[in-house]
Amino acid sequence: MKKRNYLCAVDGDGGDHKALGDAPFRSLLERDLRTLLGANPDIAHYAVEPHELTYFIPDGRGGQEAHVYVPDVVCRYRAGSVVVIDAKARFITELPAWTRRQPHIEEAYRLDHGVVFLTLDEVEIRAEPRLSNCQIMERHRYIVPDAVALLRVRDALVELGLPTIVAAVVRAARLNDRPGECRAYTAVMNLALAGEIALDLARPFSFQTEIREVSA
């Protein structure tokens, strides 16, 4: 049997820290989607291709045809809600083969499981500078936390108040750095990943990036 996306696939395995179980990706668009999910502090975790959904489409003869759909990602928010997401190139979303199926998949998830089904294309997933900013956040994600840097940065944020900018926090934290390293910058990224602060994603990250309070 030919695999999904045959001749269009780019196979790989993600090192996704929020993924439950294996995290293969079938396209670079799926990979980029999961970068956004990893950098979003509202997402607790997600599962990649975790189940098969059986849904039905009228066959034009008064009956129903059974079909099977495998979702790209199922996400659970920290608040508890669940969302099913499909990363799909825009040209595919406009093909009759998909436009015929999509409403029935959405309806099956809504009626049978009480969850929202979303299809996101490259325009939405690869919006810049959001995607590049999220890639930077993920690159700075701690494997082993720098407890001193986190403490100093938290103290600096209290001292400065919000909003402020990254450069001001770096100065106030007064951390010793090795060449090519900025521990305070990395700590800021990790506090944003944890949802303690919010960063301005609408502009490319720099030391002038605004740090804000998390919206309620």
Side-chain angles (χ1 to χ4, degrees), residues 1-128 130-135 137-138 193 195 201 215:
M1 179 187 296
K2 293 181 180 180
K3 65 184 178 181
R4 282 194 313 123
N5 297 337
Y6 181 66
L7 295 181
C8 299
V10 180
D11 284 334
D13 290 306
D16 307 39
H17 64 288
K18 290 185 181 180
L20 302 176
D22 294 337
F25 57 83
R26 312 298 182 188
S27 71
L28 297 181
L29 193 59
E30 289 183 21
R31 180 203 62 185
D32 292 343
L33 168 65
R34 280 152 41 188
T35 295
L36 300 183
L37 300 179
N40 185 344
D42 294 332
I43 301 290
H45 51 251
Y46 58 82
V48 177
E49 300 180 356
H51 63 253
E52 292 184 349
L53 172 79
T54 299
Y55 65 99
F56 297 87
I57 298 178
D59 61 10
R61 301 184 300 275
Q64 301 279 332
E65 293 178 347
H67 296 262
V68 173
Y69 168 75
V70 178
D72 290 339
V73 182
V74 178
C75 309
R76 182 176 294 278
Y77 283 81
R78 295 191 188 279
S81 61
V82 174
V83 177
V84 179
I85 303 178
D86 194 315
K88 199 171 291 294
R90 175 161 291 189
F91 83 91
I92 295 178
T93 68
E94 296 171 347
L95 295 175
W98 177 248
T99 58
R100 178 171 176 259
R101 297 168 55 207
Q102 182 181 7
H104 300 283
I105 296 173
E106 291 179 355
E107 183 178 46
Y109 274 119
R110 179 174 57 84
L111 295 179
D112 298 342
H113 302 283
V115 300
V116 173
F117 172 75
L118 298 175
T119 303
L120 301 179
D121 63 28
E122 66 273 20
V123 175
E124 296 160 304
I125 293 172
R126 291 177 173 157
E128 291 290 0
R130 181 184 63 181
L131 177 59
S132 293
N133 287 339
C134 289
Q135 290 168 339
M137 292 171 70
E138 286 285 270
L193 286 167
L201 298 179
S215 300

**Request:** Report the C-alpha distance between Tyr69 and Asp86 in whole Å, list the side-chain angles of each, state the deciding distance to 0.1 Å, and finish with yes or no for side chain to side chain contact (heavy atoms under 4.5 Å, CB included).
**Result:** CA-CA 10 Å; Tyr69 168 75; Asp86 194 315; 2.6 Å; yes
**Request:** Report the C-alpha distance between Leu193 and Glu138 in whole Å, list the side-chain angles of each, state the deciding distance to 0.1 Å, and finish with yes or no for side chain to side chain contact (heavy atoms under 4.5 Å, CB included).
**Result:** CA-CA 8 Å; Leu193 286 167; Glu138 286 285 270; 3.7 Å; yes
**Message:** Assess the residue pair Leu37 and Ile85 against the criterion (side chain to side chain contact (heavy atoms under 4.5 Å, CB included)); give the C-alpha distance rounded to whole Å, side-chain angles, the decisive distance to 0.1 Å, and a yes or no.
**Reply:** CA-CA 11 Å; Leu37 300 179; Ile85 303 178; 4.3 Å; yes
**Message:** Applying side chain to side chain contact (heavy atoms under 4.5 Å, CB included) to Thr119 and Trp98, what does each step give before you reach the verdict?
**Reply:** CA-CA 11 Å; Thr119 303; Trp98 177 248; 3.6 Å; yes
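Put simply, the side chain of Arg126 never gets that close to the backbone of Leu131: no donor and acceptor are under 3.5 Å apart. Within the 3.5 Å criterion, the main-chain N or O of Ala87 finds a donor-acceptor partner in the side chain of Asp72. The backbone N or O of Cys75 sits nowhere less than 3.5 Å from a side-chain atom of Lys18 that would complete a donor-acceptor pair. In this structure, the side chain of Glu49 does not engage the main chain of Val70 through any donor-acceptor pair within 3.5 Å. In this structure, Arg110 contributes its side chain and Phe117 its backbone to no donor-acceptor pair below 3.5 Å. Side chain of Glu124 to backbone of Asp121: a donor-acceptor contact under 3.5 angstrom is found.
The one candidate from Arg101, His104, Glu65 that meets the side-chain hydrogen bond (donor to acceptor under 3.5 Å, both in side chains) condition with Tyr55 is Arg101.
In this structure, Asp22 places its CG atom where only 12 or fewer heavy-atom neighbours from other residues, nucleotides or ligands lie under 6.0 Å away. For Glu128, the CD atom sits in a packed shell: over 12 heavy atoms of surrounding residues, nucleotides or ligands are nearer than 6.0 Å.
Rounding to the nearest 0.5 angstrom, the gap separating the NE2 atom in His67 from the CG atom in Leu53 is 12.0 Å.
Between Arg34 and Val48, some side-chain heavy-atom pair lies under the 4.5 Å cut-off.
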